[in-house]
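This report concerns only the one structure given below.
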Amino acid sequence: MLKLLSSVTIVAGLAFVSPAMANPLFGGPNDASCVTAAEASAKQYEHEQKIIWGKMGGSIQEFKQQRYFVSGRSQCLLDVKFKIAQKGRLVTTRYLVDAFERRIYGTFYGIGDSGGEAKSLTCNYGVNFNEAGQCSNESEFEDVIAQLTK
């Protein structure tokens, strides 16, 4: 009976330890795990945007990403930016997200002519997205990103 109990204890212990050891975040988030999480998150956002805009007659013309590891908060923030051509106009969509949790901290959505600057339709941000602060253009959104990535 003691042998069976110790075997169960070992198996249960491995069940708790194995997922943690396989997790790159074991021991806490770091810059290396941020790189991995940001790449995966960016690919997912790009995939989603292709589907969404493809259904609305648009296509991605430009995709940029910038990651920020904020060591003081052990946070990996990702700024993803899309320029989408749709019906003679250029749509700019931007998200500031936590790459580990996929929590959105800010969005910018603007529309402009194919050569001009996007006029903001939506520009929201906040640590808790529901408390959203408002920004009026993309450069203000970039200021928000600079504050959140310090």
Side-chain angles (χ1 to χ4, degrees), residues 11-150:
V11 170
L14 287 174
F16 286 112
V17 173
S18 294
M21 289 175 70
N23 185 345
L25 302 179
F26 188 130
N30 57 36
D31 193 45
S33 61
C34 180
V35 170
T36 303
E39 282 298 318
S41 189
K43 284 181 183 177
Q44 183 65 33
Y45 275 101
E46 184 178 21
H47 175 73
E48 291 168 357
Q49 292 294 308
K50 281 181 181 178
I51 292 171
I52 291 167
W53 287 102
K55 289 182 178 186
M56 296 189 302
S59 64
I60 295 175
Q61 300 298 301
E62 181 181 312
F63 170 64
K64 293 182 180 180
Q65 62 179 335
Q66 175 67 47
R67 92 180 144 73
Y68 305 90
F69 181 68
V70 185
S71 59
R73 295 190 308 263
S74 295
Q75 188 176 40
C76 182
L77 294 176
L78 176 66
D79 174 14
V80 289
K81 180 178 181 177
F82 299 92
K83 291 210 180 259
I84 298 110
Q86 183 195 37
K87 300 177 185 172
R89 59 187 179 170
L90 197 60
V91 178
T92 301
T93 303
R94 234 170 137 176
Y95 300 100
L96 180 66
V97 300
D98 184 308
F100 294 129
E101 299 177 4
R102 296 220 33 191
R103 178 185 297 185
I104 297 173
Y105 289 102
T107 61
F108 173 81
Y109 178 76
I111 297 178
D113 295 328
S114 36
E117 185 177 331
K119 292 181 184 175
S120 176
L121 295 179
T122 305
C123 189
N124 299 316
Y125 63 90
V127 174
N128 295 314
F129 191 64
N130 294 338
E131 74 187 29
Q134 301 293 313
C135 41
S136 58
N137 56 46
E138 193 170 6
S139 67
E140 283 184 28
F141 186 72
E142 288 173 3
D143 292 341
V144 168
I145 291 171
Q147 292 297 316
L148 292 175
T149 58
K150 283 185 180 180

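Note that these values count all heavy atoms, side chains included, but never hydrogens, waters or copies made by symmetry. Position 1 is the first residue of the sequence, and the numbers go up from there.
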Fill in: Gln65-Asp79 side chain donor-acceptor pair, cut-off 3.5 Å
no
Practice prompt. Would you check if there is a donor-acceptor pair between the side chains of Tyr105 and Gln75 at a distance under 3.5 Å?
Written response: yes
Separation of [Y] [atom2] from [X] [atom1] (nearest 0.5 Å):
X: Glu39; Y: Arg67; atom1: CD; atom2: CZ; result: 8.5 Å
X: Ile111; Y: Thr92; atom1: CD1; atom2: OG1; result: 9.0 Å
X: Tyr68; Y: Asp31; atom1: OH; atom2: CG; result: 13.5 Å
X: Arg94; Y: Thr107; atom1: CZ; atom2: OG1; result: 11.5 Å
X: Thr36; Y: Asn30; atom1: OG1; atom2: CG; result: 8.5 Å
X: Tyr109; Y: Cys123; atom1: OH; atom2: SG; result: 14.0 Å

Worksheet item: Is there a donor-acceptor contact under 3.5 Å from the side chain of Thr149 to the main chain of Ile145?
Response: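 Yes.
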Discussion item. Looking at Gln86 and Val91, would you say the former's side chain and the latter's main chain have a donor-acceptor pair under 3.5 Å?
Written reply: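 Checking the backbone N and O of Val91 against the side chain of Gln86, no donor-acceptor pair under 3.5 Å is found.
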Worksheet item: Cationic tip of Arg102 within the cone over Tyr95's six-membered ring, i.e. under 6.0 Å and within 45° of the normal?
Response: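 Output no; distance or angle outside limits.
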Nearest heavy atoms of [X] and [Y], plus distance in Å:
X: Glu140; Y: Cys135; answer: OE1-CA, 3.4 Å
X: Lys150; Y: Val70; answer: O-CG1, 3.3 Å
X: Ile60; Y: Glu46; answer: CD1-O, 4.0 Å
X: Asn137; Y: Ser120; answer: CA-CB, 4.1 Å
X: Leu96; Y: Leu148; answer: CD2-CD1, 3.6 Å

Item to complete: Please check if atom NZ in Lys81 has more than 12 non-hydrogen atoms from other residues, nucleotides or ligands closer than 6.0 Å.
Response: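 Buried by this count: over 12 neighbours within 6.0 Å.
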Worksheet item: Heavy atoms, side chains only, cut-off 4.5 Å: are Phe100 and Ser74 in contact?
Response: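 A side-chain contact under 4.5 Å is absent here.
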Worksheet item: With a 4.5 Å heavy-atom cut-off, do Gln134 and Asn124 have their side chains touching?
Response: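 Side-chain contact under 4.5 Å: yes.
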Fill in: Pairing residues for Ser59 by the side-chain contact (heavy atoms from CB on, under 4.5 Å) criterion, not counting sequence neighbours
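Ser59 satisfies side-chain contact (heavy atoms from CB on, under 4.5 Å) with Gln61, Ala85 only.
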Practice prompt. Report the relative orientation of the aromatic rings in Phe141 and Phe108; use parallel for angles under 30°, tilted for 30 to 60°, perpendicular for over 60°.
Written response: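 The rings of Phe141 and Phe108 sit tilted, inter-plane angle from 30° to 60°.
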